[in-house]
Protein chains: 2
Amino acid sequence: MAQAATTSTPPTSPVVPGMACQHGRAACADCKVRLLSVCAALNEQELAEIESLSQSCCFAPRSALFSQEQPADAVFNVTEGMVRLYKLLPDGRRQIVGFALPGDFLGLALLDRYGVSAEAVTETRACRFPRKTFAEYVDEKPHLLRRLHEFAGHELSLAQDQMVLLGRRSAEERIAAFLVGLRERLARIGQSSVTLSLPMSRQDIADFLGLTIETVSRTFTKLAKDKVLLVVPDGARIMNPERLEAIARG
Amino acid sequence: MAQAATTSTPPTSPVVPGMACQHGRAACADCKVRLLSVCAALNEQELAEIESLSQSCCFAPRSALFSQEQPADAVFNVTEGMVRLYKLLPDGRRQIVGFALPGDFLGLALLDRYGVSAEAVTETRACRFPRKTFAEYVDEKPHLLRRLHEFAGHELSLAQDQMVLLGRRSAEERIAAFLVGLRERLARIGQSSVTLSLPMSRQDIADFLGLTIETVSRTFTKLAKDKVLLVVPDGARIMNPERLEAIARG
DNA sequence: GTGCATGGTTGACCTGCATCAATGTCGCAG
DNA sequence: CTGCGACATTGATGCAGGTCAACCATGCAC
């Protein structure tokens, strides 16, 4: 369980090996609440209030935050690491519907049951808000609810973009769009670096893009041959951003 | 502009030919506001209030309710007919992200710009709420906002299901899931009938399922050969619901 | 009636990606 | 060190679904 961590962000706040824990454990006490995404809608006092509602918690790679169809008893705000969100078909086929990064909310729809399963990709930290407490707090703060609703709208928009990708685009376009999108998201949360880190496995990428690991691998190789990017262990160095973006937008 | 209408629901409230109009026109005066989906969250007085904020309006087949990237100046609640929601790629490839039926909301995210384009499939009626007015009203009714938020969560869930379909399922499974899903939605709004009406074109179905018209057509033929359904003009008669559902769930 | 446009079906063929299989690499256990 | 398991790459082959093309049915204009 405790092993040298392959962190998603080597330079910033490396995860200490052996800290893997579940919510409420003592080792989590120092996790900092970072309500990155909604803080704009809250003043200092409210931020402190909502912070007091949360428990910090950590997840080792591969551990589940929650599973599809489970009663949705908590909302999460990822503060560090990466989470994959996926659905399974009865025969085991998997579709990853998204990767959550620091600042992202999970379970925000406040529905009775989780619609997807969530699993830590890397060592991950998150704030956990018991759903009831969170819902009660939100119900008293319309401007916060309004902001959450805008968030949901934004997520829906991303899901629709992904539908275009899955329904109408070639393998190369999918890979390019994936890399460009990930780079933009990392940049937005201040994690841009020379090499784009790809902590998820080829299988994860394939299951996100509706491809197979072999096609993902071959496409990376092809893009490398075309001098668009350079595949490195756990990441990629984008050599020709313009070209990559051109492929990404179709 | 005015032509004999191919209605989505032949038996119930046929659309009178020649009534095609844009919002605000006199011919729309008799459109009834049906806030099917949210009315559970509103009492009689509130229902009257919100009704007074809306204009009824009609759309002829192929006419646009709004376009992607346009300023989102209105929210719509479809009351009759069918609307396709889609995104276009620069080269013209189209992905339909959903079909809106009576009771469905459009533009509910209350974002600044529409994320998709919306076009009437059949003669369509809708309630139009100016966005500013709607947003102001909603901001004063937290329980309504809460309900809208749940709605958005439900839509996100549907979008994720569609991602699974587009990323991981065969043509036959897509068609089956599409028919089963449509039948369930029609049943929920009381439009179930012996033959499932399919007012949208083959191209629409193809662009929704990430296929080509030829594959859609062939798959219908195959399902007909297998005695699962019977394709009729503008619709399908499901002969073997159990089998169809089995295919649909994978 | 003819001519034309639109939409759907069917067949023949092609190809992009999946499948199957072999091989390489790394990290870890013993 | 050897052996093993997880993961990635690469090649050979297959096939589901795309592409191209012919054809038919319907509806409308004239």
**Study point:** Met200(B) CE to dG7(C) C1', straight-line distance once rounded to whole Å
**Key:** 15 Å
Point to revise | dG18(D) phosphate, OP1 or OP2, under 4.0 Å from Thr212(B) side-chain N/O | key: yes
Point to revise | Phosphate contact (dA16(D) OP1 or OP2) by Ser170(B) side-chain N/O below 4.0 Å | key: no
Check your understanding: Between atom CD in Gln203(A) and atom C1' in dT9(D), what is the gap in whole Å?
Key -> 14 Å
Review point. Asp207(B) has an atom CG; how far is it from atom C1' of dG8(C), in whole Å?
Key: 15 Å
Practice item. Quickly work out the Arg169(A) CZ to dG16(C) P distance and round it to whole Å. Key: 17 Å
**Study point:** Value in whole Å for how far the C1' atom of dT6(C) lies from CZ of Arg202(B)
**Key:** 14 Å
Revision key, fill the gap. From the candidates dC17(C), dT19(D), dT9(C), the one with an atom nearest any side-chain atom of Ala171(A) is dC17(C)
Exercise for review: Determine whether Met82(B) and Pro102(B) make a side-chain contact, defined as any pair of heavy atoms from C-beta on separated by less than 4.5 Å.
Suggested key: no
Check your understanding: Does Glu173(B) use its side chain to pair, donor to acceptor, with the backbone of Ser170(B) at less than 3.5 Å?
Key -> yes
Check your understanding: Is there a side-chain polar atom (N or O) of Arg218(B) under 4.0 Å from OP1 or OP2 of dT10(C)?
Key -> no
Practice item. Select one nucleotide: of dC7(D), dT9(D), dT9(C), the one nearest the side-chain heavy atoms of Arg62(A). Key: dC7(D)
Revision key, fill the gap. Sorted by position of nearest nucleotide on DNA chain C, 5' first, the leading residue of Val216(B) and Arg168(B) is Val216(B)
Review point. dG17(D) phosphate, OP1 or OP2: any side-chain N/O from Thr215(B) under 4.0 angstrom?
Key: no
Check your understanding: Any donor and acceptor pair, going by atom type alone, linking the side chain of Asp91(A) with main-chain N or O of Arg93(A) inside 3.5 Å?
Key -> yes
Practice item. May I have the distance from Glu173(B) (atom CD) to dG17(D) (atom C1'), rounded to whole angstrom? Key: 14 Å
Review point. In whole angstroms, how far is the P atom of dC23(D) from the CD atom of Glu214(B)?
Key: 16 Å
Check your understanding: With respect to the side chain of Ser201(A), which nucleotide from dA21(D), dT19(C), dA8(D) is positioned closest?
Key -> dA8(D)
Point to revise | d(CZ, Arg93(B); C1', dT19(D)) in whole Å | key: 15 Å
Practice item. Would you indicate what Leu211(A) reaches in the nucleic acid, counting non-hydrogen atoms under 4.0 angstrom: base, sugar-phosphate, or nothing? Key: sugar-phosphate
Review point. Judged by modelled atom types alone, do Tyr86(A) and Glu119(A) share a side-chain donor-acceptor pair under 3.5 Å?
Key: yes
Review point. Any idea how Phe99(A) and Phe208(A) line up, ring-wise: parallel (<30°), tilted (30 to 60°), or perpendicular (>60°)?
Key: perpendicular
